[in-house]
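The next block holds one structure in the form of structure tokens; read it before the comments.
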Protein chains: 2
Amino acid sequence: MGKRNITLKELAAVLSLSPATISLALDGKGETYRIAAETRRRIEETANRLGYRPNHLARSMRRGKTDTIGVVFPDVSEAYMNRILAGIEAVALERGVSVMIATSSLDSSAEARNLDTLMDRSIDGLLLVPYAPFRGEAYKNDAVRRAMESVIPSVCIDRYLPGITTHAVIGADREAARLAAERLIAAGCRRPAYLGFDLAITTLVERRRGFNDAIKAAGLTGSSDEKLLTERNPDSPDIREWLTELTAAQRLPDGFLVSTDGLALKLRSLLRKLSPAGRGSRRSGTRRKRPLIARFGEDSPYFPTGMISVRQPHEELGRRATEKLFALIAGEVIPKEKQIEIIDMEIIDETQHH
Amino acid sequence: MGKRNITLKELAAVLSLSPATISLALDGKGETYRIAAETRRRIEETANRLGYRPNHLARSMRRGKTDTIGVVFPDVSEAYMNRILAGIEAVALERGVSVMIATSSLDSSAEARNLDTLMDRSIDGLLLVPYAPFRGEAYKNDAVRRAMESVIPSVCIDRYLPGITTHAVIGADREAARLAAERLIAAGCRRPAYLGFDLAITTLVERRRGFNDAIKAAGLTGSSDEKLLTERNPDSPDIREWLTELTAAQRLPDGFLVSTDGLALKLRSLLRKLSPAGRGSRRSGTRRKRPLIARFGEDSPYFPTGMISVRQPHEELGRRATEKLFALIAGEVIPKEKQIEIIDMEIIDETQHH
DNA sequence: GTGAAAGCGCTAACAT
DNA sequence: ATGTTAGCGCTTTCAC
């Protein structure tokens, strides 16, 4: 412990030069300001030797720029957040910009608080994965609105708030959901069902829409069920109860589109308990095949999932959003049709029905 | 978009008061400085109405404190990082302190860069999960050393650098590894093996030691194998090759202690391929039981793992480290024997051998 | 080629 | 009870 940083003034004293000269030289402006090559060398050498590091606060204050962007998102514990973050950091790092992160920890008031503190810290720009409230849940978006309306540029990731957000980078959820559901149908499903959280975010709303697009197109409207979970916990008994009811009503779906990753694993585990026999399709002659699962997400615990997975390009989402943010910070004007960027998703089929 | 923040001076002009008075009143020091109650009310009302928010940069500069701590860790994509982060944020939030995060993205030079930029931003304190180099990998720890030796207090989490780190909060890895290995032995394993990454970090070194403690105590030294992976990728063919060799040599272990989470899942999936029959223990009379697995970690993809798991108290690690950091920031002196805090780990047995 | 001076927005000691 | 003043450490314009 010990060494306080040397200041520009102190360095100036050591060199018997003025702070101004040194500041210019170290900023690489020595050329344009015609500081003697020898002087520049001396400055650099001494600065290095004494370990001079400019005070970032003072510099930011003077220049009106912090070289820091803020990121607010609801929950670190979801794996997809990590991937978004990796994308953000990759871009930020290559521009020498720091990333300040605050998570809302699944609590909308924490989101508001975090947004406000971040804005106070004079960040150059803001990336936001908005909080996902349940449909019907009270959710005040003043802080988001305030943030979006401030001078500081901002970009939403993965979902956005229509009417509030102007810039966003999201996935092609509706289309991907439709394609995934079409795969289920193509694989022979006649009773595809939708399982998801009942969250009021664009992402999930669009997935459900995409599913329904496919159902309607295939003329399966009457035979398709859906379950919208009203609790955050994927281990809640709701899914089991739903499956039990469907089974009792002789309506057990032969395929599922599941809105999120963990939910799909949970569903698979429940279905296995319902029909503990082998894979169904493996021993020929088995009367009832196990239902097919399609899901958003791609996490696989080191073995094939047997599912249809929609690979969400999270890292790309993060990267593109950050690039967009830097464009905005640089003052670029983005035409209306490019304000919401939509990234395609890849579908991976691991059902192995060769 | 649009509204720039109003400054204290401007607010003062509106109120026909001096900036100083307002600053004091808004800081809650109105009482001690005996500012008229009515004046205080007016100040507060107007500040609110005009949406005054103090400029954090200027404030930090003047006070020599940023109310921000920095966190540097190697990789966001590991699930355990999320838990540590949750602990950190919980404590930081309740103190009104912001958390600035930078990840080294599995690259030791990024770690150095991140440490330097964070230190430049005048953070009040630093939390560090040091980069984990492979044994033998070139790793310059100058930046870490610099950071640790600066005036800014710092605390390491999960692992530390002996000789450099002074404050850390870590798990009781050696003891937990010994206990886990003892469980394997108690469950009848006579050829327990150790599988882990060959990383030069205290955490993993201690786990291996703990394993060996148990082996030695049980007199199984000769019949115990180990594999130290020299690649970050858990999907590399190394594990498979190791298992194949062992099988060929008639030395396939009947139990494994695995240093990390994902690795254990990988191992299980490989073992299943090796002996694809049912659970072994289920159909009585089966000659060869499937090997037991004990592992550090607790991730279970929604169904019982059948393993012995060492629950790592990551959130607590994060919390305790942050609390310790705040103590240091407050100027508390921590006695030598309390500088490295060791947190116990819980062992969860899901082998279901009733 | 280099330096002087002003000032970013705030706080805290010192006046009144 | 409130105001004045002097910076925190840096950048930038303008002057020499």
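Not measured: the values here are computed from a predicted model. Reminder, nothing fancy here: chain letters follow the sequence lines and each chain counts from 1.
A/Arg83 and A/Glu315 are not joined by a salt bridge, as no carboxylate oxygen comes within less than 4.0 angstrom of a charged side-chain nitrogen. Taking the charged nitrogens against the carboxylate oxygens, A/Arg49 and A/Glu45 do have a contact shorter than 4.0 Å, which makes a salt bridge. A salt bridge is defined here as a Lys NZ or Arg NE, NH1 or NH2 lying under 4.0 Å from an Asp or Glu carboxylate O, and B/Lys29 with B/Asp27 meets this definition.
Legend: residues meeting salt bridge (charged side-chain N to carboxylate O under 4.0 Å, His left out) with B/Glu323, ordered by chain and number and at least two apart, are absent. Looking at residues two or more places apart in sequence or on another chain, you find a salt bridge (charged side-chain N to carboxylate O under 4.0 Å, His left out) between A/Arg41 and A/Glu38. Listed by chain and residue number, nothing satisfies the salt bridge (charged side-chain N to carboxylate O under 4.0 Å, His left out) test with B/Glu94 (two or more places apart in sequence, or in another chain). Listed by chain and number, the residues in a ring pair (Phe, Tyr, Trp, His ring centres under 6.0 Å) with B/Tyr80 are B/His314 (sequence neighbours excluded). A search for salt bridge (charged side-chain N to carboxylate O under 4.0 Å, His left out) contacts involving B/Glu10 returns B/Arg4, not counting sequence neighbours. Partners of B/Phe326 by ring pair (Phe, Tyr, Trp, His ring centres under 6.0 Å), not counting sequence neighbours: none found.
If one axis is set at each end of the helix from C/dG1-D/dC16 to C/dT16-D/dA1 from five pairs, those axes are 50° apart, to 10°.
The nearest pair of heavy atoms linking A/Arg40 to A/Ala25 is CG-CB, 4.2 Å. When every heavy atom of A/Ala147 is checked against every heavy atom of A/Leu115, the shortest pair comes out as CB-CD2, 4.3 Å.
Residues from residues 36-56 of chain A placing a heavy atom under 4.0 Å of any atom in DNA chain C, listed by number, are A/Ala36, A/Thr39. Of the residues in residues 58-70 of chain B, B/Ala58, B/Arg59, B/Arg62, B/Arg63 come within less than 4.0 Å of DNA chain C through at least one heavy atom, sorted by number.
Think of the region where chain A sits on DNA chain C: with heavy atoms and a 4.0 Å cut, that region ends 5' and 3' at C/dG1 to C/dG9.
In this structure, A/Ser122 reaches neither bases nor backbone, as no heavy-atom distance under 4.0 Å exists between it and the strands shown. Nucleic acid contact class of A/Leu57 (heavy atoms, under 4.0 Å, all strands): none.
Straight-line distance from the CG atom of A/Asn5 to the C1' atom of D/dC10: 13 Å, rounded to whole Å. When the P atom of D/dA1 is taken as reference, atom CD1 of B/Ile22 falls 18 Å away, rounded to whole Å.
With hydrogens and angles left out, the side-chain atoms of B/Gln339 and B/Tyr160 include no donor and acceptor closer than 3.5 Å.
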When you compare the protein's N or O atoms with those of nucleotides 14-16 of chain D, which come within less than 3.5 Å of each other, and at what distance?
none

With a 3.5 Å cut-off and sequence neighbours excluded, list the donor-acceptor pairs that the side chains of residues 117-125 of chain B form with protein atoms.
| from | atom 1 | to | atom 2 | distance (Å) |
| --- | --- | --- | --- | --- |
| B/Thr117 | OG1 | B/Arg113 | O | 2.9 |
| B/Thr117 | OG1 | B/Asn114 | O | 3.1 |
| B/Asp120 | OD1 | A/Arg53 | NH1 | 3.3 |
| B/Asp120 | OD2 | A/Arg53 | NH1 | 3.1 |
| B/Arg121 | NE | A/Ser98 | OG | 3.2 |
| B/Arg121 | NH1 | A/Thr66 | O | 3.3 |
| B/Arg121 | NH1 | A/Asp67 | O | 3.0 |
| B/Arg121 | NH1 | A/Thr68 | OG1 | 2.4 |
| B/Arg121 | NH1 | A/Ser98 | OG | 3.3 |
| B/Arg121 | NH2 | A/Ser98 | OG | 3.3 |
| B/Asp124 | OD1 | B/Thr66 | N | 2.9 |
| B/Asp124 | OD1 | B/Thr66 | OG1 | 3.0 |
| B/Asp124 | OD2 | B/Thr66 | N | 3.4 |
| B/Asp124 | OD2 | B/Asp67 | N | 2.7 |

